[in-house]
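Below: the structure, in structure tokens.
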Amino acid sequence: MAYATPAELATFLGLAEPPAGAARLLDRASRDVDTATVTAVYDTDTNGAATDPDITAALKAATLEQAAYRLDAGDGTGAGKWADVSIGSAKLGRRTDVTPPAQATAGRLSVDAWQILYAAGLIGQGPW
């Protein structure tokens, strides 16, 4: 279950319509947030959803930031935006044989999402 909707993502990104694959992108971003908060403790309802509005808002905000991070990393799956770039004598290219594009951002939480979760007290401490 994603912490944000495609319509909320469109608003967050300043777009008239959600980007292509928005639901899948938000599911993946929500899983990234879930992975980062695996040791967080907070009250939930019978469906496992947070009951504290501040926690719910932090999870949504972090998911939107993570989705934007995934989009900035490429096409929403984490693939790079460029294959070859030349600037003067410098030439840059993205290797596609090392990390499958769909997993390029897996396990990486954006700085913005991390800051939101940290400020909400959901990460930055181990279980006790």
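Treat the numbers as computed from the prediction; the structure is a model and nothing was measured.
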Look up atom CD1 in I116 and atom CG in L122, then write down how far apart they are to the nearest 0.5 Å.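 Taking CD1 in I116 and CG in L122, the distance rounds to 11.0 Å.
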I need the minimum non-hydrogen distance between [X] and [Y], along with the two atoms involved.
| X | Y | value |
| --- | --- | --- |
| D27 | M1 | OD1-C, 4.4 Å |
| A50 | T56 | O-OG1, 3.4 Å |
| T44 | T51 | C-CG2, 3.6 Å |
| L26 | A67 | CD2-CB, 4.0 Å |
| A36 | I123 | O-CG2, 2.9 Å |
| S110 | Q66 | N-OE1, 2.8 Å |

Electrostatic pair R70:D32 at N-O distance under 4.0 angstrom: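 Here R70 pairs with D32 in a salt bridge, since their nearest N and O are under 4.0 Å apart.
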Test item: [X] and [Y] side chains (from C-beta on) under 4.5 Å apart, heavy atoms:
| X | Y | result |
| --- | --- | --- |
| Y118 | Q115 | no |
| L117 | V33 | yes |
| S30 | T63 | yes |
| E65 | F12 | yes |

Stepwise, does the side chain to side chain contact (heavy atoms under 4.5 Å, CB included) test hold for Y3 with D34? CA-CA 10 Å; Y3 293 117; D34 284 342; 2.4 Å; yes
With distance as the sole test, does N47 use its side chain to make a donor-acceptor pair with the main-chain N or O of A49 at under 3.5 Å?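 Absent.
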So does E8 get a backbone contact from the side chain of T5, meaning a donor-acceptor N/O pair under 3.5 Å?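 Between the backbone of E8 and the side chain of T5 there is a qualifying donor-acceptor contact (under 3.5 Å).
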Would I55 and L109 show up in the same hydrophobic cluster when neighbours are defined by side-chain heavy atoms closer than 4.5 Å?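 The answer is yes; both residues are in one hydrophobic cluster.
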I'd like to know if L25 and L15 are part of one continuous hydrophobic network [Ile/Leu/Val/Met/Phe/Trp/Tyr, side-chain heavy atoms within less than 4.5 Å].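 Linked within one cluster.
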Got a sec: does the CG of D45 have more than 12 other heavy atoms crowding it under 6.0 Å?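 Enclosed: over 12 neighbouring heavy atoms sit under 6.0 Å from CG of D45.
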Side chain to side chain contact (heavy atoms under 4.5 Å, CB included) assessment of Y42 paired with D52: CA-CA 8 Å; Y42 50 86; D52 183 324; over 6 Å; no
